[in-house]
Amino acid sequence: MKIVVAYSGGLDTSVIIKWLQTKYNAEVIAFTADIGQKENPALLEKKAISTGAKKFYFKDLKQEFIDKYIFPSLKASALYEGKYPLATALSRPLIASNLVEIAKKEKADAVAHGCTGKGNDQVRFELAFKNLAPELKIIAPVREWEFRSREEEMEYAKKHNIPVDVTKKKPYSIDWNIWGISIECGVLEDPWQEPPEDAYQITCSPLKAPAKPEYIDIEFNMGIPIKLNGKTMNSIDLINFLNEIGARHGVGRIDMVENRLVGIKSREIYEAPAATILHTAHAELEKLVLERELYHFKSIINQKYAELIYYGYWFSDFRLCLEKFIDETQKYVSGTVRVKLYKGQCIVVGRKSMYSLYEEALSTYTSKDTFDHRASKGFIDIFGLPLVLEGKRNRKQ
Ligand code: ARG
């Protein structure tokens with residue numbers, strides 16, 4: 001039996017390699033995707049092979065992640081339950097599809113992941129596997145294995161010479177990529193507890209952030225950011241830059257209780273400076289260029305789109321149909337938004353676009369006003385007619 005496993009280099013997936021080998025008498029191949037989590041591939045390979053993997057694959061998927069997953073979600077203003085920019089959720093279908101490719105190339109019989117039985121990620125991985133390669137057996141060792149605690153797992157690791165970093169106390173479970181960081185467990189499990197500073201991995205506390213605000217001009221072309229402060233940047237550099245500068249100003253901290261797919265409510269914190277800045281700026285530009293009814297209706301689509309990502313419905317016709325709608329709405333979402341980063345906040349202070357629907361002559365209260373005030377009477381008479389009829393009827397009852 002040949003199994004390809006989604007490998008992170010952490011304790012769980014390291015133990016999984018050995019466990020699969022023993023339990024299934026399998027040849028195990030490890031795969032790690034580079035999605036901006038800043039791991040050293042040489043070290044990962046060494047670790048995977050020494051733990052028992054026959055082969056190690058490492059793929060730089062940062063560009064694919066941005067082009068095919070992150071930017072479509074940005075165009076859709078996809079924030080789960082209004083807050084979470086979906087960094088972890090977006091990465092799962094990307095990792096899964098690349099894993100399937102390797103499994104096919106290697107003529108593997110099965111794929112495996114290290115997700116727990118009570119999270120969302122197992123669902124996202126497995127829906128992708130089932131959709132893309134139903135012939136592959138799916139193994140989720142963490143759901144199956146005999147260890148009842150972290151200690152037992154560490155015991156197993158020591159017995160099998162799997163390097164365990166016991167010096168580093170790890171009170172949190174952390175998932176990291178270029179679009180954001182998800183942090184849970186430890187004291188965060190009490191939703192009343194304010195997250196301690198050490199829970200945050202990259203952002204500076206707003207208290208300690210610079211006293212001087214920083215301005216950034218972000219230029220979008222059809223919903224996609226292309227320039228910062230007038231300078232064209234490739235998308236990887238652009239996101240990295242915004243992560244850095246945002247983190248410095250304490251921007252992008254999110255503390256929320258969310259509804260998981262498996263019914264549980266969980267408390268999680270996120271750090272997503274670039275995602276926060278880009279979502280804020282992009283949404284503001286849409287307000288300037290989208291016609292009112294389209295803008296309102298799109299917000300309903302946005303919410304559904306975010307849910308589909310969260311639910312692991314990435315490879316569904318449903319999501320694809322919504323993506324087509326969203327792409328069409330982005331035709332005129334080009335222009336520049338100026339944001340101000342200051343003490344944990346990202347505030348929009350200016351916006352402009354060659355496709356702007358804003359007309360000063362219509363909104364001004366000065367003598368330059370061109371709006372036909374008298375026409376409003378007829379408009380209100382007719383627009384209000386249904387309510388006039390209803391009121392008359394109700395008074396009769
Ligand atoms: N709750 C987030 C989601 O379902 C993140 C899950 C992974 N979090 C973590 N800390 N490992 O997308």
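If you're wondering where the values come from, they're calculated on a predicted model, not measured in any experiment. For ligands, and for the atoms within them, numbers begin at 1 and follow the listed sequence.
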Check your understanding: What do you reckon, does Glu258 have a nitrogen or oxygen under 3.5 Å from a nitrogen or oxygen of ligand 1?
Key -> yes
Practice item. Report the nearest protein non-hydrogen atom to atom 11 (N) of ligand 1: residue, atom name, distance rounded to 0.1 Å. Key: Ser173 OG, 3.1 Å
**Study point:** Under 3.5 Å: donor-acceptor pair, side chain of Gln330, backbone of Val333
**Key:** no
Check your understanding: Side chains of Thr336 and Arg351: closer than 4.5 Å at any heavy-atom pair?
Key -> no
Point to revise | Region of Tyr172 engaging ligand 1 - heavy atom pairs below 4.0 Å | key: neither
Exercise for review: For atom 2 (C) of ligand 1, find the nearest protein heavy atom and state the residue, atom name and distance (0.1 Å precision).
Suggested key: Tyr270 OH, 3.3 Å
Check your understanding: Looking only at atom types and distance, does a side-chain atom of Arg267 sit under 3.5 Å from a main-chain N or O of Leu188, one as donor and one as acceptor?
Key -> yes
Practice item. Specify the protein heavy atom at minimum distance from atom 8 (N) of ligand 1: its residue, its atom name, and the distance to 0.1 Å. Key: Glu268 OE2, 2.9 Å
**Study point:** Side chain, backbone, both or neither: the part of Leu86 lying under 4.0 Å from ligand 1 by heavy atom
**Key:** neither
**Study point:** Within-cut-off N or O pair, Asn120 and ligand 1, under 3.5 Å
**Key:** yes
Practice item. Starting from atom 7 (C) of ligand 1, locate the nearest protein heavy atom and write down its residue, its atom name and how far away it is, to 0.1 Å. Key: Asp121 OD2, 3.7 Å
**Study point:** Side-chain donor/acceptor of Asn161 to backbone N/O of Ala157, under 3.5 Å
**Key:** no
Practice item. Please state which part of Trp176 comes within less than 4.0 Å of ligand 1, counting heavy atoms only: side chain, backbone, both or neither. Key: neither
Practice item. Would you mind checking which non-hydrogen protein atom is closest to atom 9 (C) of ligand 1, with the distance to 0.1 Å? Key: Glu184 OE2, 3.3 Å
Check your understanding: What protein heavy atom sits nearest atom 12 (O) of ligand 1, and how far off is it?
Key -> Tyr84 OH, 2.6 Å
Review point. Short question: side chain of Lys2, backbone of Glu106 - any donor-acceptor pair under 3.5 Å?
Key: yes
Review point. So, are Lys62 and Asp34 salt-bridged, with charged N and O less than 4.0 Å apart?
Key: yes
Review point. Does ligand 1 have an atom under 4.0 Å from some heavy atom of Arg260?
Key: no
Review point. Is it true that Arg143 and Glu126 make a salt bridge, defined as a side-chain N closer than 4.0 Å to a carboxylate O?
Key: yes
Check your understanding: Does Arg92 approach ligand 1 within less than 4.0 angstrom via side chain, backbone, both or neither, non-hydrogen atoms only?
Key -> neither
Check your understanding: Aromatic rings Tyr310 and Tyr80: how do their planes relate, parallel, tilted or perpendicular, breaks at 30° and 60°?
Key -> parallel
Point to revise | For Arg124, atoms of ligand 1 separated by under 4.0 Å from a heavy atom | key: 3 (C), 4 (O), 12 (O)
Point to revise | Presence of salt bridge, Asp217 and Arg338, under 4.0 angstrom | key: yes
